[in-house]
Amino acid sequence: MPFGWTANPYRGCEMGCRYCYARYTHEFLGHNDPATFERRVYVKRTDASSLRRDLVRASKSGLLVALGTATDPYQPVEGRFEVTRRLLEAAREVPGLRLSITTKSTLVSRDAHLLGELARRGELSVNFSIVTLDGALARTLEPRAPRPDLRFSAMQTLAAAGVETRLFIMPVLPLLTDGEENLKSLLGAARAAGAALAESNVLFLRSGTRETFFAFLRAEFPRLVPEYERLYARGAYAPASYVAEIEARVRRLGAAAGFPTRRRSDRPLDTPRPRQLSLIW
Ligand code: SF4
């Protein structure tokens, strides 16, 4: 993974995206029903001193700290518990920290001022995960995530606060969001909202997610099931030929929109073994 440290203030995620790859992580908590991932969210308790100690270690290592690699740090529960906010406040005290945040939430704009400060003191990027501008499709795919247009507004707010923002088209969903028009509209909107870069990644269907996603397809898009069965017949990854075709499409459309694009796997690799920051729970 292209980062050295990870911090996930919550386990489980209320936004309930049908394709969420992190559903399996609830199995470690003894929840074998993948739906529990979005119904029971665990809030980690922050221990300020150990958090600061680990952030200092992360800063000294020079490696990137990725916030929100498994669950969304700005999911609705953050509005009440503010664990992400406290983590960022601790990060403000640690010079030279390299930080990357990934979210689908507009709640991130609540912290625009704080994020602007962090950007001035160290390295920070905020990555907005947006897979379509089609509000109805987004509601079906990501039932409790904010509307895509509102996410682009939040991107604009952060860019205005001096924060580097990026568009993450993750995942690209075969036959649902991989079309030329959809990708073009996302890249154009990101450019207009001040994004510095776009990254994409084709859907990954690991066990836990696979069952949930196919049940969703059978209910909402039954005509697509045979093609998905073909694409994912050999496991969690789509065939290399399909992935290459989508990467080329995103690269071409990104260049036309006027900014660089890259695959997720093209990100510089800091270390092969991410470490989890201490958020006691
Ligand atoms: S917002 Fe992210 S973590 Fe939450 S359900 Fe969607 S994909 Fe999973």
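Order of appearance sets the numbers: ligands from 1, and atoms from 1 within every ligand.
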For Glu38, is there an ion pair with Arg144 - N to carboxylate O distance below 4.0 angstrom?
yes
For Cys13, atoms of ligand 1 separated by under 4.0 Å from a heavy atom
1 (S), 3 (S), 4 (Fe), 5 (S)
So is Arg210 actually on top of Tyr232's ring, under 6.0 Å and inside 45° of the axis?
no
Counting the benzene-type ring for Trp, do Phe168 and Phe128 have ring centres under 6.0 Å apart?
no
With a 4.5 Å heavy-atom cut-off, do Tyr228 and Phe221 have their side chains touching?
no
Does at least one non-hydrogen atom of Gly16 fall below 4.0 angstrom from an atom of ligand 1?
yes
Closest non-hydrogen protein atom to atom 2 (Fe) of ligand 1, residue and atom name please, with distance?
Lys104 CE, 4.2 Å
Should you measure from each heavy atom of Thr71, which atoms of ligand 1 turn up under 4.0 Å away?
3 (S)
Can we say Glu82 and Arg86 salt-bridge, meaning some charged N sits less than 4.0 Å from an Asp/Glu carboxylate O?
no
Is any side-chain N of the basic residue among Glu89 and Arg85 closer than 4.0 Å to the acidic one's carboxylate O?
yes
Give a yes or no on whether a salt bridge exists between Glu93 and Arg52, defined as a side-chain N under 4.0 angstrom from a carboxylate O.
no
For ligand 1, is Gly68 a contact, meaning one of its heavy atoms is under 4.0 Å away?
no
Atom 8 (Fe) of ligand 1 reached by Cys17 (N, O or S, under 2.8 Å):
no
Pull out every atom of ligand 1 sitting under 4.0 Å from any heavy atom of Ala70, numbered as shown with elements.
3 (S)
Please state whether Gln75 comes within less than 4.0 angstrom of ligand 1, counting heavy atoms only.
no
Using a 4.0 Å cutoff against the non-hydrogen atoms of Asp72, which atoms of ligand 1 qualify?
1 (S), 3 (S)
Suppose we measure from atom 8 (Fe) of ligand 1 to each protein heavy atom; which comes out shortest, and what is that distance?
Cys20 SG, 2.3 Å
